[in-house]
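Atoms within each ligand, like the ligands themselves, are counted from 1 in listed order. For the single chain, residues carry numbers from 1 onward in sequence order.
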Amino acid sequence: MKTTGYAAYTPDSPLALFQFERRSLRPNDVAMEILYSGVCHSDLHTARNDWGWSYYPIVPGHEIVGRVTAVGAQVSKYQVGDHVAVGCMVDSCMACDQCGRGEEQLCRAGNTGTYAGRDRISGENTQGGYSKHLVVREEFCLRVPAGLDLARAAPLLCAGITTYSPLRTWNVGAGSRVGVIGLGGLGHMAVKLAVGLGAEVTVLSRSTDKEADALALGAHRLLASSDPQAMAQAANAFDLIIDTVPVKHAVDPYLPLLDVDGTLVIVGQVGPMQEMNTVPLLLGRRRIAGSPIGGIRETQEMLDFCAQKNILPDCEMIRMDQINEAFDRMEKADVRYRFVIDMASLAAETA
Ligand code: NAP
Ligand code: ZN
C-alpha cells in the first residue's frame with residue numbers, strides 16, 4: 001500500500017514529505033489509519049542520528065493512535081473500526097524467555113523498533129508514525145480503552161510506558177518517595193503516574209521556572225538542581241529517582257539525594273555519561289539502573305490504569321508541517337509537555 005509521511009532525509013535537514021510503501025497484510029497483521037502521533041525526544045535524536053543507527057530517509061514517530069482499516073485472516077483480537085495504539089516496538093522473536101514473560105522490549109534477539117528497525121521477515125527498514133498508515137502484527141497492537149481521549153492517549157505509548165515501567169519495577173506505591181529529573185514529555189508523565197500510584201513526588205528541574213506547572217501536574221514540590229542549598233537539604237530523601245535528561249550529564253549531584261538502597265534509574269540519556277564519583281554510591285549502598293520502554297502486557301496495563309484514573313498527558317496539538325518548529329522548541333525544553341501531531345493535517349496537506 002502506498003502511503004505518505006514526513007521523513008528526515010539527512011541528519012541536518014528539516015523533515016519533509018516522503019512517499020513510501022507499507023507492506024501487504026500478512027495473516028496476523030492489522031492495518032490502520034493513523035490519527036495521532038506524539039513527538040518524542042527520541043524522534044529528534046533519531047532524525048539527527050545522535051545514536052549512530054539511523055538510516056535515511058527515516059520516518060520517526062512511536063506514539064501512535066489509529067483506527068483499524070483491515071485485518072489479516074488470522075487476526076482475532078481486533079476488528080475494522082477499533083481504536084488501537086502502537087508504541088516503540090512492532091515485533092520481537094516471541095520465543096525467548098523474556099518474550100515469554102511479556103517483556104518483549106528485552107527480547108534476547110532484540111526487539112524490532114517501530115522505526116530504525118528491520119522487519120524480521122522482509123528485512124526492510126521500518127518506518128514510524130509520522131505517516132498516514134501503518135501495518136503491524138497483531139501482538140504489538142494495544143487496545144485504546146473506551147473513553148480515553150484519542151489524541152492525548154498517543155504520548156502514553158512511549159512517554160507513559162517508559163516511566164510507568166520503572167515505577168512498577170521498583171514497586172512504587174503509597175508512601176514511596178519519588179524524584180523526577182527533567183520536566184519534559186517523560187518527566188511530566190512520571191509525575192502523573194507516580195502520583196496516581198500514591199507516591200510523594202518531587203520534580204528536580206534546572207530552575208524554578210516550572211514550579212507552578214509541577215504543582216499543577218500533582219507533584220508535591222519542585223527542587224531546582226541549580227540551588228546547592230536546596231539540594232543539600234534533600235539528602236537521603238528519595239527511594240527512586242527517574243532521570244529523563246536527554247543529553248550527557250553528571251549524576252553526582254543526584255546520588256546523595258537517594259536513601260540507603262535507593263535507585264537512580266536512567267531512562268533519558270542513551271550513550272556516554274559524565275565521569276562519576278562513586279563515594280555516595282558505595283557509602284550509601286545506592287544504585288544506578290537503566291530501563292527501556294516496557295512490554296506489551298505492561299503497556300496495556302498502563303493504558304487501562306490511565307483510563308481508570310483519568311491520567312493523560314498535557315499536549316499541544318500541531319499540524320504535520322509544524323514538526324520542524326516543534327523539534328526546535330523541544331530542543332530548548334519549550335514544550336508543555338508533549339507535542340501531538342493531528343495526522344488529518346497530513347491528509348489535508350497531500351489532498
Ligand atoms: P523532553 O520532552 O525534551 O524533556 C527532557 C527534559 O529534560 C526537559 O524538559 C528538561 O527539563 C530536561 N533537559 C533538557 N535538556 C537538558 C540539559 N541539557 N541538561 C539537563 N536537563 C535537560 O524529552 P523526552 O521526550 O521526555 O525524552 C527524554 C529522553 O528520554 C530522551 O533522550 C529520549 O531519547 C529518552 N527516551 C528513552 C526511552 C527509554 O526507553 N528509556 C523512551 C523514550 C525516550 P527541565 O527544564 O525541567 O530541566
Ligand atoms: Zn519515545
Electrostatic pair D82:K77 at N-O distance under 4.0 angstrom:
no
Check your understanding: Less than 4.5 Å apart, any side-chain heavy atom of D239 and any of W170?
Key -> no
Check R26 with D119, please: is the shortest side-chain N to carboxylate O separation under 4.0 Å? yes
Check whether the side chains of S165 and E298 place a donor and an acceptor atom closer than 3.5 Å, and report yes or no. yes
Between R221 and T202, is there a side-chain donor-acceptor contact under 3.5 Å, judged purely by atom types and distance?
yes
Using heavy atoms and a strict 4.0 Å limit, residues surrounding ligand 1 turn out to be C40, H41, S42, H45, W51, C158, T162, G182, L183, G184, G185, L186, S205, R206, K210, T244, V245, P246, V247, V267, G268, S291, P292, I293, M330, A333, R338
### Query
Between R48 and D50, is there a salt bridge with N-O shorter than 4.0 Å?
no
Does Q79 CD have over 12 foreign heavy atoms under 6.0 Å away?
-> no
Discussion item. Whether R338 and E63 form a salt bridge (side-chain N of Lys/Arg under 4.0 Å from carboxylate O of Asp/Glu) is what I want to check.
Written reply: yes
For the Zn ion (ligand 2), protein N, O or S atoms at a distance below 2.8 Å amount to 3
Notebook entry, point to check: Do R287 and D261 sit within salt-bridge range, that is, some charged N less than 4.0 Å from a carboxylate O?
Noted result: yes
